[in-house]
A.B. asks: 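Encoded as structure tokens, here's the structure I'll be asking about.
Order of the sequence lines fixes the chain letters, A, B, ..., with proteins taken first and strands second; residue numbering starts at 1 for each chain. Values below: every heavy atom of this structure, side chains too, minus hydrogens, waters and symmetry copies.
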There are 2 protein chains.
Amino acid sequence: MAKKDLFGICPYVTSQKILSGKWSIYLLYLLQEGPVRFNELQRMMPEDITHTTLSRQLKNLEEEGLIIRREYSQIPPKVEYSLSEIGKKFESVIIALGEWGNDYLEFVKHKDEKKYKGGETA
Amino acid sequence: MAKKDLFGICPYVTSQKILSGKWSIYLLYLLQEGPVRFNELQRMMPEDITHTTLSRQLKNLEEEGLIIRREYSQIPPKVEYSLSEIGKKFESVIIALGEWGNDYLEFVKHKDEKKYKGGETA
DNA sequence: CCGGATCCTGGCTGATACTG
DNA sequence: CAGTATCAGCCAGGATCCGG
């Protein structure tokens with residue numbers, strides 16, 4: 001039970017929890033460049049995502065303090081999402097993640113090439 | 001449907017998928033310092049985790065190419081896990097993640113302090 | 001345009017039991 | 001010591017419908 005004490009202490013466990021949302025990373029990435037509206041975000045997503053899901057993800061990130069939701073009282077309504085201070089700090093992670101992701105995609109590509117050339121014909 | 005084409009192209013989507021495992025980040029973190037045995041890993045985890053779950057997580061990471069499993073034919077058996085090349089490259093992400101995680105924990109702490117001082121007494 | 005309420009489903013997780 | 005097989009439960013994600 002003593003192990004549970006690490007909750008709220010370990011930065012890695014904390015990070016993991018926040019990144020557990022299926023779209024967290026990508027949303028944080030999209031918001032790097034400035035405020036974006038709800039429907040904009042939905043269109044920018046790499047895969048189709050329902051507004052229900054998007055809404056929930058954004059709400060989570062907002063509750064965790066990473067993003068800020070700003071609502072304009074208009075007809076039609078307009079809502080913009082942007083990064084909070086701590087959200088902006090996440091940029092360094094985004095950058096590292098982007099670079100590594102590209103490296104990994106390269107790695108996978110080479111692995112696949114080997115498969116065609118190599119001994120997978122058993 | 002055209003959106004689906006981004007699969008296997010976007011580094012962020014790729015990263016997200018790999019980090020989806022509940023313990024991926026922490027495991028990658030633990031292995032930074034060198035090979036570790038199965039039971040060692042289990043003990044080092046911040047929360048209790050069954051060997052079933054740990055086994056599955058490790059297997060996933062191995063299949064994704066991030067870690068290497070080395071088995072020594074002995075009695076009693078000994079298995080060591082270590083980082084692959086692409087796994088080692090993940091270190092920069094780990095570092096960024098660690099720093100941000102600490103920042104975030106600070107941020108949360110301050111937020112909580114405000115709650116006690118501030119207007120939450122209503 | 002934005003999003004809540006509800007219901008459903010797949011996948012991950014974890015518990016338990018068994019193997020070399 | 002280091003797993004695998006199997007089963008059960010939970011919950012994030014998605015579909016659909018409704019509301020401001």
Side-chain angles (χ1 to χ4, degrees), chain A residues 1 3-4 6-7 12-13 15-28 30-31 35-64 66-82, chain B residues 1 3-4 6-7 12-13 15-28 30-31 35-64 66-82:
Chain A
M1 285 294 175
K3 282 190 172 183
K4 295 289 179 67
L6 278 181
F7 174 79
Y12 303 104
V13 174
S15 301
Q16 175 81 65
K17 283 202 169 109
I18 287 179
L19 296 185
S20 65
K22 186 171 172 186
W23 306 107
S24 330
I25 291 176
Y26 206 83
L27 284 172
L28 259 16
L30 287 180
L31 293 177
V36 187
R37 295 183 61 169
F38 186 87
N39 273 356
E40 291 282 329
L41 280 174
Q42 188 172 11
R43 273 188 291 270
M44 293 162 87
M45 294 306 284
E47 297 176 31
D48 288 332
I49 175 176
T50 60
H51 59 258
T52 313
T53 302
L54 179 56
S55 187
R56 220 167 8 209
Q57 301 276 330
L58 289 167
K59 200 174 181 182
N60 285 340
L61 289 173
E62 192 197 357
E63 284 168 359
E64 290 160 349
L66 286 138
I67 64 175
I68 293 171
R69 179 181 181 276
R70 180 160 182 198
E71 191 173 347
Y72 298 81
S73 297
Q74 306 177 352
I75 302 297
K78 172 178 171 182
V79 179
E80 272 184 353
Y81 293 89
S82 57
Chain B
M1 285 293 175
K3 283 192 172 184
K4 295 290 180 62
L6 279 182
F7 175 78
Y12 303 104
V13 175
S15 302
Q16 174 81 64
K17 282 199 171 113
I18 287 179
L19 297 185
S20 65
K22 188 172 171 184
W23 306 106
S24 329
I25 290 177
Y26 207 83
L27 284 172
L28 259 15
L30 288 180
L31 292 177
V36 186
R37 296 182 61 169
F38 185 87
N39 274 355
E40 291 282 329
L41 280 175
Q42 188 172 9
R43 274 188 289 271
M44 293 163 85
M45 294 305 283
E47 297 176 31
D48 289 332
I49 174 176
T50 60
H51 57 255
T52 313
T53 303
L54 179 57
S55 185
R56 222 167 4 209
Q57 302 277 326
L58 288 167
K59 202 171 182 183
N60 284 342
L61 289 172
E62 192 196 357
E63 283 169 0
E64 290 160 346
L66 285 139
I67 65 176
I68 293 171
R69 178 180 181 278
R70 181 161 180 198
E71 190 173 348
Y72 298 81
S73 297
Q74 306 178 351
I75 303 294
K78 173 177 170 182
V79 180
E80 273 183 352
Y81 292 89
S82 57

A.B. asks: When you check every protein heavy atom under 4.0 Å of nucleotides 10-20 of chain D, what one-letter string (B, S, -) results, 5' to 3'?
C.D. replies: ---BBBBB--B
A.B. asks: To the nearest Å, give me how far apart CD (B:Gln42) and P (D:dG3) are.
C.D. replies: 11 Å
A.B. asks: Is there a side-chain contact between A:Leu30 and A:Val36, using heavy atoms and a 4.5 Å cut-off?
C.D. replies: no
A.B. asks: How many whole angstroms separate atom CD1 of B:Ile75 from atom P of D:dA2?
C.D. replies: 12 Å
A.B. asks: Rounded to the nearest angstrom, tell me the gap between atom OH in B:Tyr81 and atom P in D:dG3.
C.D. replies: 3 Å
A.B. asks: Ignoring hydrogens and angles, tell me if any N or O in the side chain of B:Gln42 forms a donor-acceptor pair with the backbone of B:Ile49 under 3.5 Å.
C.D. replies: yes
A.B. asks: Which word best sums up how the rings of A:Tyr12 and B:Tyr26 line up, parallel for under 30°, tilted for 30 to 60°, or perpendicular for over 60°?
C.D. replies: perpendicular
A.B. asks: Just how far, in rounded Å, is C1' of D:dC1 from CG of B:Leu54?
C.D. replies: 13 Å
A.B. asks: Given atom NZ of B:Lys59 and atom P of C:dC12, what is their separation to the nearest angstrom?
C.D. replies: 14 Å
A.B. asks: Would you tell me if any nitrogen or oxygen in the side chain of B:Ser55 comes within less than 4.0 Å of OP1 or OP2 on D:dT4?
C.D. replies: yes
A.B. asks: For B:Arg70 and D:dG3, give me the distance from atom CZ to atom P, rounded to whole Å.
C.D. replies: 14 Å
A.B. asks: Listing request: all side chain to side chain donor-acceptor pair (under 3.5 Å) pairs with a residue in residues 70-79 of chain A, at least two apart in sequence or in separate chains.
C.D. replies: A:Arg69-A:Glu71, A:Tyr72-A:Glu80
A.B. asks: Expressed as a whole number of angstroms, how long is the span from A:Glu71:CD to C:dC2:P?
C.D. replies: 10 Å
A.B. asks: Just the rounded figure in Å: distance from P of D:dA2 to CZ of B:Arg69.
C.D. replies: 10 Å
A.B. asks: Which side-chain N or O atoms in residues 55-62 of chain A pair as donor and acceptor under 3.5 Å with protein atoms at least two apart or in another chain?
C.D. replies:
none

A.B. asks: State whether the side chain of B:Glu40 and the backbone N or O of B:Pro35 hold a donor-acceptor pair below 3.5 Å, judged by distance alone.
C.D. replies: no
